[in-house]
Engineer: 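One structure is given below, represented as structure tokens, and several questions about it will come after.
Whatever order the structure lists ligands and atoms in, that order sets their numbers, starting from 1.
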Amino acid sequence: MSVNSEVKRITTHTLQRMKENKEKISMLTAYDYSFARLLDEAGVDVLLVGDSASNVMAGHETTLPITLDQMIYHAASVVRGAKRSLVIVDLPFGHYQGNSKEALASTIRIMKETGAHGIKLEGGEEIIESVKRILTAGVPVIGHLGLTPQSIYKFGTYNVRAKEEAEAEKLRRDALLLEDAGCAALVLEKIPAKLAQDVTKSLRIPTIGIGAGPHTDGQVLVMHDMLGINTEFKPRFLRKYADLYTVVTGAVRQYVSDVKASDFPNEQEQY
Ligand code: KIV
């Protein structure tokens, strides 16, 4: 936060207070300056520079290919557009699994080069050393359990996770482990609503759900999905708040037609 800033920045402490006051937390993904400004001005509490940038910005099939440099580029752009929202950045695949020193080094690059306010990483017990080491540097960490897209080749599908008791039990244990380690919040992705409710009740820190039902302390969606830019992605949990596919293709078709018909520019649109 700039010392001269007139807008009060949301912090992880604000999120904690929101949980205590039963005020829901709104989170959306953002990847660039212009949309970050719009989402920030519309009142989104947390902007997540998700590694879903790999899918929606770069067109990859999974989140695995995106690089640390690319995440830093997106995150720095988002930070420049966000005055009030807390900006959290995903640590990309390969930069924290099995190497807590690399996890901290990658986090420090993100924090120094982007001005973001915290990081998120996927997994529980397997990555707890990385979580702990990052926290020693005083950087807020958000955990991510349930469907963790960086492990897609282990799961084999993007189906609902933790429907079986053994996996649900591991998720409950991982959630407590992450809270005890000092995480500021947890994202719970695509798990049964009842499990998300139980985990949310068992934790002091806030949970933020995607496809995890209504009982989490907040909700997150991928911006491109909720604005209807993607037409193919239609999971049950997604609510589309706009149809930007139709708006944008309609506007662009009109522009193309005006250019072809020498209808643009007109008398007033020239010098
Ligand atoms: O990368 C991402 O967009 C995410 C959200 C789906 C939570 O991790």
Engineer: Test of understanding: with side-chain hydrogen bond (donor to acceptor under 3.5 Å, both in side chains), list the residues that count as partners of Ser52, not counting sequence neighbours.
Structural biologist: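 Once residues adjacent in sequence are excluded, the partners of Ser52 under the side-chain hydrogen bond (donor to acceptor under 3.5 Å, both in side chains) criterion are Tyr31.
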Engineer: Check this for me: Glu41, atom CD, are more than 12 non-hydrogen atoms of other residues, nucleotides or ligands nearer than 6.0 Å?
Structural biologist: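 Buried by this count: over 12 neighbours within 6.0 Å.
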Engineer: Examine Leu221 and Met223 and state if one hydrophobic cluster contains both, with Ile, Leu, Val, Met, Phe, Trp and Tyr joined whenever side-chain heavy atoms are less than 4.5 Å apart.
Structural biologist: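 They do share one cluster, since a chain of ILVMFWY contacts under 4.5 Å joins Leu221 to Met223.
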Engineer: With rounding to the nearest 0.5 Å, note down the distance linking CG in Leu47 to CG in Leu86.
Structural biologist: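 Answer rounded to 0.5 Å: 8.5 Å.
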Engineer: Can you list the residues that meet the side-chain hydrogen bond (donor to acceptor under 3.5 Å, both in side chains) rule with Asn266, with sequence neighbours excluded?
Structural biologist: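 Listed in chain order: nothing, the list is empty.
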Engineer: For Asp180, enumerate each residue passing the side-chain hydrogen bond (donor to acceptor under 3.5 Å, both in side chains) test, keeping only those at least two apart in sequence or located in another chain.
Structural biologist: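 Once residues adjacent in sequence are excluded, Asp180 has no partner under the side-chain hydrogen bond (donor to acceptor under 3.5 Å, both in side chains) criterion.
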Engineer: Pairs of nitrogen or oxygen atoms, one from ligand 1 and one from the protein, closer than 3.5 Å: please tabulate them with distances.
Structural biologist:
{"unit_1": "ligand 1", "atom_1": "1 (O)", "unit_2": "Asp51", "atom_2": "N", "d": "3.2"}
{"unit_1": "ligand 1", "atom_1": "1 (O)", "unit_2": "Asp51", "atom_2": "OD1", "d": "3.0"}
{"unit_1": "ligand 1", "atom_1": "1 (O)", "unit_2": "Ser52", "atom_2": "N", "d": "3.1"}
{"unit_1": "ligand 1", "atom_1": "1 (O)", "unit_2": "Ser52", "atom_2": "OG", "d": "3.3"}
{"unit_1": "ligand 1", "atom_1": "1 (O)", "unit_2": "Asp90", "atom_2": "OD2", "d": "3.1"}
{"unit_1": "ligand 1", "atom_1": "3 (O)", "unit_2": "Ser52", "atom_2": "OG", "d": "2.5"}
{"unit_1": "ligand 1", "atom_1": "8 (O)", "unit_2": "Lys120", "atom_2": "NZ", "d": "2.9"}

